[in-house]
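Scroll down for the structure; my scribbles are underneath it.
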Amino acid sequence: MTKYDPKKIEAKWQKYWQENKTFVSSNDSKKDKKYVLVEFPYPSGVGLHMGHVRPYTAADVTARYYRLKGFEVMFPMGWDAFGLPAENYAIKTGKPPAQTTEENIANIKRQITEFGYSFDWDREINTTDPNYYKWTQWLFLQFYKAGLAFEDTGLINWCPKDKTGLANEEVINGECERCGAKVEKKELKQWYLKITEYAEKLLQGLDGLDKWPDAVKLQQQNWIGKSEGAEIEFSVIMSDSEGSRDSSLQASRSSEYRQDDIKIKVFTTRPDTIFGATYLVVAPEHPLLKELKIDNQKEVGDYIEKATDQEEQDRTREDKEKTGVELKGIKAVNPASGEEIPVWVADYVLGNYGTGAIMAVPAHDERDFEFATKFDLPIKPVVVPTKEPINGYGVGAMLLTSDGKFVLQRRDQNASKDPYKVAFFGGGVEGDETIENALLRELKEELSLDIEFSNFKYFHSYTLKKDQKNVFGQLFVANNIDAQKLDLNEGAKIEILTAEEVLNHPDTTNFVKEVVAKYQTRSAEVLTEPGLLFNSGEFDGMASEEALPKMAEKYGQPKTTYRLRDWVFSRQRYWGEPIPIIHCDKDGIVPVPENQLPVTLPEVENYEPTGTGQSPLAGIDEWVNTECSECGGPAKRETNTMPQWAGSSWYFLRYADSKNDKEFASKDSLKYWMPVDIYFGGMEHTTLHLLYSRFWNIFLHHDQGLVPVSEPYVERVPHGIVLASDGTKMSKSKGNVVNPDELTEKYGADVTRMYELFLGPHGQMVAWNEDGITGVSKFLARVWTWLTEKEFGQDDSKTLSELHRLIKDTDRDIASYAYNTAVSGFMKFYNEVKDLEMSKDSAVSFLSLLYPFAPHICEELYEILGGKGSVQDLSWPEYDADKVVQDIITIAVQVNGKVRDEIEVDASATEDEIKTQALASEKVQKFIAGEPKKIIYVPQKLINFVG
RNA sequence: GCCCGGGUGGCGGAAUUGGUAUACGCACAGGACUUAAAAUCCUGGGCCAGAAAUGGAUUGAGGGUUCAAGUCCCUCCCCGGGCACCA
């Protein structure tokens, strides 16, 4: 009798797989393909960590499973090796990044091998290999030629610690995604990729991705941030401003402006509120600010300097007080109302979104409201809130009478067909009671209604609620607007009185006057929801939703904007792909001819970033100085490198044909393998790698026709991160990092793999906790003892039924990434059948099921049982539903929904037979009083007697 | 603030279309083997009451629908993640 010795057998089979090329996939297979991909690692000096083990194990189970299922499976691996750690290490030690990278790869590859992952190493890639980045550069040139790569000067995110520019996606809460340093704004000439050009395609593509988690799709959707609205132009005119004025200046400006007809273009999602636009705001970066001649030039200039100087974080802080300066001497004309309104510059408006200018509607936008309140700007409401009548209740109105009585009008509950029919409900003020209290009392007592009071600057409203949710009706009393009559949704009428009318009404008591006066001083609220328009000329009484497109059309042009920004694609660092561009004095920007690729990284002595916005490459004269491929004259190479995300934006394509030196991948290979069927990876890449690589793929498909599918990944399977046992992130500084090497050493790869999966649902984050690993360890040891000592014979019928149940469950669990329940399924199977008769065939079937999870032990046991070759060459056992059918089944017996007993019946028993047997139970009889009124029978499961 | 995801024993977690809640594992208790311990194997309870048979409660809180709710509906609380002055 041998003992389970993971160390011995694991090394043996890893060697076998390598020598026999068990997992090497073919581009010429006749079989259906499955492309199983897991994000490739950055080969850091620390080596493999638990964050890798989880997705790799899951992906490996899936890859082995589909091989058993008869698919040609590609499960490749490579190295995403450009990046800062290697470079920072080089700065410290002087070791070239290429060398440390190579060392790290060797180490991490050893670790991966020791976990027994079934990667196809014949397709291995390395993003820092010139044979690879030649094609990254080539692809960049395709973007350039398509006009999607361009150089521009602008304010970009700058990491002061890493001394490089960053993409928008790399800034998390104002901090550098990599190092956590506070990101600054810096004006630099940078390369950009025009991802915004593909905003709509990136958005629409998500619709077809049924097998992506909603969370991932939603996050990308929000990141792209599509807003539909309108661009509206406001004319700028001179205005008389207070104080002394240089008449000659006014004269010159007057002719200048009136003729030039300067306009400020704003973007809004709420053109329906345009009548409420009481001022304009332009961002401090707005280009028009440099052209406009205004009275308070100095003051505005100072403000702009201060606003654009501060760090982004301060500017977007939530609790920040709003600041701004009015542009004196000019006004804008509201194209809807014709009113002349002031123009302000304020940093709460962002220069790089929309048009960099807004129309402010303080009555219906919280930010504008805050600003208007602070600077005492007019607030003009143009939307009245409405809520759908529910349960037959409608909108009502209130009448106050001289003797303190009030009458409430509401739609009759039973008059749903006639919305005009109303019922009246009368009440009155008692003693010293306030009318508000009287209303509350009456409504509560008589109709069980709650009343909610809202005060706006220009009107106040009562919302009458039933059960705190159903709206019974609404009342509006205007404070100082013109009396209006509005049509409401179901045709009911309400009347809005001016404050004056209310106060002067003969029926209004002094008391009501007090109430109204009090309401006017209350802090106002802002209505941001759509409603019914008033104060809006011809659109009065129309619903916001209906008026919106009409008003967008009438006063401006409908317009869609996106929050997505163009991708800052250059980094001022050494260890990245050189951007294949030459700068020539005569010809300007000249792409490196394709036949001169790759532009290889030169050896440098100093890897230190200069911090001036120049890459260390700028110091290598013999590399920088080159000749222009257009004119032959002297020219300089682009010294910026590409971001870390470049190589990973297309690596999934290269795997299909990783050795090709003529193309980035042949069309045939891409046609066979693309798209990736299942892509395992982290949630943290949702708006980074996952978005970027979709962009590249969509570009290569739609624009270039080089890739056969638009969307690269059919299915995305995210994993939860592995935390340390204390629930915090594993980090070297805290010393709570679990080293995978120790685990494979102590328990073996099979146990570590299975336990990792058993810990919890794959998509959920888990705290690493070694306590439970003995359970899995014991389980595999038991399986070993069981199968090495078992005397095989015929299958017991229960063995067979349990086996087929296991086939079905394992199938389901792997397909739905529920690895934790798959593992418990194996344990349960063992517990159930270990003492029963079993055939050798069934044992082999069991091994095939377990194999994707614990491949080494299964190979060894298969060999001990007399099998030839690898379990991988077998096929997945076929599920037979007939085998799971049992002769005797257990039926739960309920009385009034509570389980009182269980009975065992023949599987073929009829409902009547089961009923009779169930009623015979003493336990059941105890709870049944008399004849049951109703009997619910759920076949094969339960019977419920309802008394 | 807005948008997602989640809340089940002492712990990790299971529960397919609404149909026996707590599978599987850890920890715990008792037993076997052993001089003893570890390892291994067997058994057990899981909250409350009870010696036991048994009964009752229970899936974050409260309400509702249903013969039947962890699962569906409403209100609220808490935790995790994403976005955040995006007009």
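Values below: all heavy atoms of this structure, side chains included; hydrogens, waters and symmetry mates excluded. A, B, ... follow the sequence lines: proteins, then strands. Residue 1 opens every chain.
- Of the listed residues (A:W344, A:Y279, A:Y348, A:F369), just one forms a ring pair (Phe, Tyr, Trp, His ring centres under 6.0 Å) with A:F375, and that residue is A:W344.
- Across all strands, A:R565 comes closer than 4.0 Å to base atoms (heavy-atom distances).
- Residues satisfying the side chain to side chain contact (heavy atoms under 4.5 Å, CB included) test with A:K7, not counting sequence neighbours, are A:D5, A:E745.
- Not a single ring-ring contact (aromatic ring centres under 6.0 Å, His included) links A:Y555 to another residue, sequence neighbours left out.
- Taking atom CG of residue A:L548 and atom C1' of nucleotide B:A87, one finds them 13 Å apart after rounding to whole Å.
- A:W223 places a side-chain heavy atom less than 4.5 Å from the side chain of A:N168.
- The residue A:M765 sits close only to the backbone: its heavy atoms come under 4.0 Å of sugar-phosphate atoms, none of a base.
- Minimum atom distance to the side chain of A:Y348 is reached by B:C85, of the listed B:A84, B:A87, B:C85.
- A:V899 comes within 4.0 angstrom of the backbone, heavy atoms only, and of no base.
- Rounded to whole Å, the separation between the C1' atoms of B:C28 and B:G81 comes to 35 Å.
- Looking at residues two or more places apart in sequence or on another chain, you find a side-chain hydrogen bond (donor to acceptor under 3.5 Å, both in side chains) between A:S227 and A:Y353.
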Collect all protein-nucleotide pairs involving nucleotides 67-69 of chain B in which both atoms are nitrogen or oxygen and the distance is under 3.5 Å.
from: B:C67; atom 1: O2'; to: A:N944; atom 2: ND2; distance (Å): 3.4
from: B:C67; atom 1: O2; to: A:N944; atom 2: ND2; distance (Å): 2.6

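- With sequence neighbours excluded, no residue satisfies ring-ring contact (aromatic ring centres under 6.0 Å, His included) with A:F758.
- Atom NZ in A:K226 sits about 19 Å away from atom C1' in B:C83, given to the nearest Å.
- Of the side-chain N and O atoms in A:Q764, one or more sit less than 4.0 angstrom from OP1 or OP2 of B:G13.
- The interatomic distance linking A:Y817 (OH) with B:G13 (C1') rounds to 22 Å, in whole Å.
- With salt bridges taken as basic N to acidic carboxylate O contacts below 4.0 Å, none links A:E170 and A:R178.
- A distance of about 25 Å separates the P atoms of B:U65 and B:G7, rounded to the whole Å.
- The salt bridge (charged side-chain N to carboxylate O under 4.0 Å, His left out) test applied to A:K941 returns no partner, not counting sequence neighbours.
- Candidate nucleotides B:A57, B:G12, B:C4 were compared by shortest atom distance to the side chain of A:A215, and B:C4 ranks first.
- B:C47 and B:A57: their C1' atoms are spaced 8 Å apart (whole Å).
- Contact between the side-chain N/O atoms of A:K898 and the OP1/OP2 oxygens of B:A57 is found at a separation under 4.0 Å.
- Between the CG atom of A:N352 and the C1' atom of B:C85 there is a distance of 12 Å, given to the nearest Å.
- Contacts of A:E770 classified as salt bridge (charged side-chain N to carboxylate O under 4.0 Å, His left out), with partners at least two apart in sequence or in another chain: A:K746.
- Base orientation of B:G9: syn, since the glycosidic angle falls within 90° of 0.
- Across all strands, A:K834 comes closer than 4.0 Å only to sugar-phosphate atoms, never to a base (heavy-atom distances).
- Sorted by first and then second residue, the side-chain hydrogen bond (donor to acceptor under 3.5 Å, both in side chains) pairs with a member in residues 753-768 of chain A read A:D60-A:R753; sequence neighbours excluded.
- Comparing the same atom, C1', in B:G18 and in B:A69 gives a spacing of 6 Å after rounding to whole Å.
- To the nearest whole angstrom, the two P atoms, one in B:A23 and one in B:G9, are 13 Å apart.
- Proximity of A:L743 to A:M50: side-chain heavy atoms (C-beta onward) are separated by under 4.5 Å at one or more points.
- Rounded to whole Å, the C1' atom of B:A87 lies 29 Å from the corresponding atom of B:G5.
- Residue-level contact check: A:L759 touches the backbone only, with heavy atoms under 4.0 Å from sugar-phosphate atoms and none from bases.
- Comparing B:C3, B:A87, B:G13 by their closest approach to the side chain of A:P761 singles out B:G13.
- Rounded to an integer number of Å, the gap from CZ of A:F779 to C1' of B:C41 is 17 Å.
- Spacing between B:G44 and B:G64 at atom C1', rounded to whole Å, works out to 40 Å.
- Taking only side-chain nitrogens and oxygens, A:T785 never comes nearer than 4.0 Å to OP1 or OP2 of B:U40.
- A salt bridge links A:D809 with A:R812: at least one charged nitrogen is closer than 4.0 Å to a carboxylate oxygen.
- The CD-P distance, from A:E911 to B:G19, rounds to 19 Å in whole Å.
- Nucleic acid contact for A:Q219: sugar-phosphate only, since backbone atoms but no base atoms lie under 4.0 Å from a heavy atom of the residue.
- Out of B:A87, B:G12, B:C3, the shortest distance to the side chain of A:N222 is found at B:C3.
- With RNA chain B read from its 5' end, the first of the two nearest nucleotides for A:R812 and A:T890 is the one closest to A:R812.
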**OP:** Give the dot-bracket string for RNA chain B, reading 5' to 3', where a pair is Watson-Crick or G-U wobble with both distances under 3.5 Å, ( ) marks pairs inside the strand, [ ] marks pairs crossing earlier ones, | marks a partner on another strand, and . marks unpaired.
**Re:** (((((((..(((......[....))).(((((.......)))))..(((....)))...(((((..]....))))))))))))....
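- Projected onto RNA chain B by closest heavy-atom contact, A:D214 and A:G354 fall at different nucleotides, the more 5' of which corresponds to A:D214.
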Subject >> A:L850/A:M754 under side-chain contact (heavy atoms from CB on, under 4.5 Å): CA gap, chis, key distance, verdict >> reply: CA-CA 10 Å; A:L850 184 62; A:M754 269 188 104; 3.7 Å; yes
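- Considering only side-chain atoms of A:K322, the nucleotide from B:U20, B:U16, B:C85 that sits closest is B:C85.
- Between A:E370 atom CD and B:A87 atom P the separation is 17 Å, expressed in whole Å.
- When rounded to the nearest whole Å, the span between CG of A:L942 and P of B:U66 equals 19 Å.
- Remark: A:E228 pairs with no residue by the salt bridge (charged side-chain N to carboxylate O under 4.0 Å, His left out) rule, at least two apart or across chains.
- Contacts of A:K790 classified as side-chain hydrogen bond (donor to acceptor under 3.5 Å, both in side chains), with partners at least two apart in sequence or in another chain: none.
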Original post:
Nucleotide by nucleotide, 5' to 3', does protein get under 4.0 Å of the base (B), only the sugar-phosphate (S), or neither (-) in nucleotides 23-32 of chain B, counting heavy atoms?
Top reply: BBSS------
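- On the P atoms, B:G13 is 36 Å away from B:C67, given to the nearest whole Å.
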